[in-house]
Enquirer: 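Here it is, the structure in full.
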Amino acid sequence: MALMTRGDIVLEGMRTAGRDDLETLANVWLQNWLNAVAASWDWPILRRESLVDITAQTVDYGGGSGGVDDRILRVIDELWWYTSDRSTRGRINLRDQNASPFDKIQATTITGAPSSARILKAGFGVARLSFEPTPDQTYKLFLPYQHLPTQMTADTDTPWYESDETMIQAVAFKTHEYSDGKDSPATIAAQQHLAALLANDRYRYGNSAGQNDVAYKDPKVFPRSRR
């Protein structure tokens with residue numbers, strides 16, 4: 001998390017670009033940039049985990065639905081079900097929207113502990129999971145996800161992003177764009193500087209043990225070697 005407040009970041013960013021009178025606009029610029037960056041990378045600081053219920057074949061989670069108040073940007077493919085007494089558990093294979101629409105075409109008589117779930121978007125910040133087979137009882141669900149942080153409302157708020165320098169540069173870039181135009185040399189230079197800082201931040205803050213530290217390879221294309 002940043003060390004500087006929104007008010008300090010916005011003021012420093014404007015001053016970097018030679019202005020100090022665009023605070024209202026700059027607050028919006030910073031928030032929009034933070035929202036876009038949150039969705040652009042699987043930042044470890046935005047990972048959360050919830051223990052919720054599977055109450056039907058199809059359940060919405062996120063944005064106040066399914067016991068999750070956070071707005072969900074993406075569900076992490078590491079879902080587990082377990083019984084309320086925690087005596088039995090199993091992994092749920094997460095499948096995308098283009099997978100077999102079993103939730104629409106399977107016989108509802110096929111019941112049991114869920115082994116897979118098709119994921120769809122049910123609205124902004126809401127993930128819809130359709131489980132296969134149809135749950136034969138209420139199961140507990142371990143649900144890891146990346147969330148969109150609460151929007152800032154005051155100058156004393158501290159942004160979630162972990163580099164003050166990069167946020168200052170984001171405000172400076174938008175200030176240049178507003179004052180000098182999109183194609184001005186100052187704007188282009190500020191944009192390039194921001195891109196370089198953001199790329200470095202992915203190495204500094206965008207990795208943790210087991211997360212983003214290895215290149216993912218599709219096992220269907222690159223099968224594991226057997227020794």
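FYI, the numbering just counts along the sequence from 1. For clarity, every value in this text was computed on a predicted model and none was experimentally measured.
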Enquirer: Heavy atoms only: give me the nearest M14-D21 pair and the separation to one decimal.
Expert: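 For M14 versus D21, the nearest heavy atoms are SD-N, 4.1 Å.
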Enquirer: Okay, side chain of W43, backbone of V37: is any donor-acceptor separation there less than 3.5 Å?
Expert: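 At least one qualifying donor-acceptor pair exists.
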Enquirer: Give a yes or no on whether I76 and W41 share a hydrophobic cluster (residues Ile, Leu, Val, Met, Phe, Trp, Tyr; joining criterion: side-chain heavy atoms under 4.5 Å apart).
Expert: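 No; W41 is not reachable from I76 via cluster members.
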Enquirer: Given side chains that start at C-beta, do those of R19 and L22 come closer than 4.5 Å, heavy atoms only?
Expert: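 R19 reaches L22 side chain to side chain.
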Enquirer: Short question: side chain of S184, backbone of G181 - any donor-acceptor pair under 3.5 Å?
Expert: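 Yes; at least one donor-acceptor contact below 3.5 Å.
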Enquirer: Hey, could you give me the CD/CD distance between Q31 and Q151, rounded to the nearest 0.5 Å?
Expert: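 Q31 atom CD to Q151 atom CD measures 4.0 Å (nearest 0.5 Å).
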Enquirer: Is there a path of hydrophobic side-chain contacts, each under 4.5 Å between heavy atoms, that joins I45 and L198?
Expert: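 Same cluster: I45 reaches L198 through Ile, Leu, Val, Met, Phe, Trp or Tyr contacts under 4.5 Å.
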Enquirer: Under a 3.5 Å threshold, yes or no: a donor from one side chain and an acceptor from the other, between T83 and R89?
Expert: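 On atom types as modelled, these side chains do not qualify, holding no pair under 3.5 Å.
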Enquirer: Pair R95, E132 - check side chain to side chain contact (heavy atoms under 4.5 Å, CB included), show working.
Expert: CA-CA 11 Å; R95 306 169 69 183; E132 181 187 31; 3.6 Å; yes
Enquirer: Just so I know, are the side chains of D70 and R48 near enough to count as touching, which here means a heavy-atom distance under 4.5 Å?
Expert: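 Yes, close enough: below the 4.5 Å cut-off.
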Enquirer: Hey, does S116 have a side-chain heavy atom less than 4.5 Å from the side chain of R118?
Expert: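 A side-chain contact is absent here, since even the closest heavy-atom pair is not under 4.5 Å.
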Enquirer: What's the shortest heavy-atom distance between P159 and T5, and which atoms?
Expert: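 In terms of heavy atoms, the two residues are closest at CD-C, 4.4 Å.
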Enquirer: Once you round to the nearest 0.5 Å, how far does OG of S84 lie from CD of Q137?
Expert: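 Going from the OG atom of S84 to the CD atom of Q137 covers 7.0 Å.
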Enquirer: Examine L197 and M4 and state if one hydrophobic cluster contains both, with Ile, Leu, Val, Met, Phe, Trp and Tyr joined whenever side-chain heavy atoms are less than 4.5 Å apart.
Expert: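 Each belongs to a different hydrophobic cluster.
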Enquirer: Taking all atoms of both residues into account, what is the closest heavy-atom pair of E23 and D155, and its distance?
Expert: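 The pair with the smallest heavy-atom distance is OE2-OD2, 2.9 Å.
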Enquirer: Taking the six-membered ring where the residue is Trp, are the ring centres of Y161 and W33 under 6.0 Å apart?
Expert: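 Under 6.0 Å, so yes.
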Enquirer: Any side-chain heavy atom of V75 within less than 4.5 Å of one from L94?
Expert: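 Contact flag for V75/L94 side chains = yes.
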Enquirer: Quick check: are there more than 12 heavy atoms from other residues, nucleotides or ligands sitting under 6.0 Å from CZ of R202?
Expert: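 Counting neighbours around CZ of R202, more than 12 heavy atoms of other residues, nucleotides or ligands fall under 6.0 Å, so yes.
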Enquirer: To the nearest 0.5 Å, tell me how far R91 CZ sits from D77 CG.
Expert: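 So the gap between those two atoms works out to 5.0 Å.
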Enquirer: Can you name the residues that form a salt bridge (charged side-chain N to carboxylate O under 4.0 Å, His left out) with D96, not counting sequence neighbours?
Expert: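 None.
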Enquirer: Given E165 and I168, is the side chain to side chain contact (heavy atoms under 4.5 Å, CB included) satisfied, shown in steps?
Expert: CA-CA 5 Å; E165 180 186 12; I168 289 169; 5.7 Å; no
Enquirer: Answer with yes or no whether the side chains of T187 and D180 bring together a donor and an acceptor at under 3.5 Å.
Expert: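 The criterion, which ignores hydrogens and geometry beyond distance, is not satisfied for T187 and D180.
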Enquirer: Take D201 and T166 through the side-chain hydrogen bond (donor to acceptor under 3.5 Å, both in side chains) test and state the conclusion after the steps.
Expert: CA-CA 8 Å; D201 289 345; T166 305; 2.6 Å; yes
Enquirer: Return the CD to CZ distance between Q146 and R71, rounded to the nearest 0.5 Å.
Expert: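 The CD atom of Q146 sits 15.0 Å away from the CZ atom of R71.
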Enquirer: Could you list who else is in F142's hydrophobic cluster, with ILVMFWY side chains joined at under 4.5 Å, directly or through other members?
Expert: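 The other cluster members (ILVMFWY side chains, heavy atoms under 4.5 Å, direct or chained) are L51, W80, Y82.
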Enquirer: Indicate yes or no for a side-chain donor-acceptor contact from H147 to the backbone of L46 under 3.5 Å, with no hydrogens or angles considered.
Expert: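 Flag set: sc H147 to bb L46 pair under 3.5 Å.
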Enquirer: Nearest 0.5 Å please: distance from the CD1 atom of I119 over to the OG atom of S130.
Expert: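 The CD1 atom of I119 sits 10.0 Å away from the OG atom of S130.
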Enquirer: For R204 and E162, what are the C-alpha separation, side-chain angles and deciding distance, and is it a salt bridge (Lys or Arg N to Asp or Glu O under 4.0 Å)?
Expert: CA-CA 9 Å; R204 294 170 180 166; E162 296 179 273; over 6 Å; no
Enquirer: When you compare the side chain of V126 with that of I72, does any pair of heavy atoms fall below 4.5 Å?
Expert: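 Contact flag for I72/V126 side chains = no.
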Enquirer: Which pair of heavy atoms, one from P114 and one from I54, lies closest together, and at what distance?
Expert: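 Nearest pair, atom of P114 first, then I54: CG-CD1, 3.9 Å.
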Enquirer: Of all heavy-atom pairs between D42 and R47, which one has the smallest distance, and what is that distance?
Expert: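 Here D42 and R47 meet closest at OD2-NH2, 2.7 Å.
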Enquirer: Can you give me the closest heavy-atom contact between G66 and V52, atom names plus distance?
Expert: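 So the two residues come closest at O-CG1, 3.4 Å.
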Enquirer: Given the rule in the salt bridge (Lys or Arg N to Asp or Glu O under 4.0 Å) test, do D20 and R15 qualify, once you have shown the distances and angles that lead to the verdict?
Expert: CA-CA 6 Å; D20 64 1; R15 286 176 175 174; 5.4 Å; no
Enquirer: Kindly check if the number of other-residue, nucleotide or ligand heavy atoms within 6.0 Å of CG (D183) is above 12?
Expert: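 No - once you tally the heavy atoms of other residues, nucleotides and ligands closer than 6.0 Å, there are 12 at most.
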Enquirer: Does one side chain, of Y145 or S50, offer a donor that lies under 3.5 Å from an acceptor on the other?
Expert: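 The criterion, which ignores hydrogens and geometry beyond distance, is satisfied for S50 and Y145.
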Enquirer: Would you give the length of the straight line joining atom CD of E78 to atom CD1 of I92, rounded to the nearest 0.5 angstrom?
Expert: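 Separation between the atoms: 11.0 Å.
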Enquirer: Which class fits the ring pair Y61 and F131: parallel under 30°, tilted 30 to 60°, perpendicular over 60°?
Expert: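 Y61 vs F131 ring planes: perpendicular.
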Enquirer: Quick one, T58 and L129 - any side-chain contact, counting heavy atoms below 4.5 Å?
Expert: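 No. Closest side-chain heavy atoms not under 4.5 Å.
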Enquirer: If two hydrophobic side chains count as joined below 4.5 Å and joins carry through other members, does L148 share a cluster with L34?
Expert: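 Different clusters.
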Enquirer: In this structure, would L194 and W160 fall into the same cluster of hydrophobic residues linked by side-chain contacts under 4.5 Å?
Expert: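 Per the 4.5 Å side-chain linkage, L194 and W160 are co-clustered.
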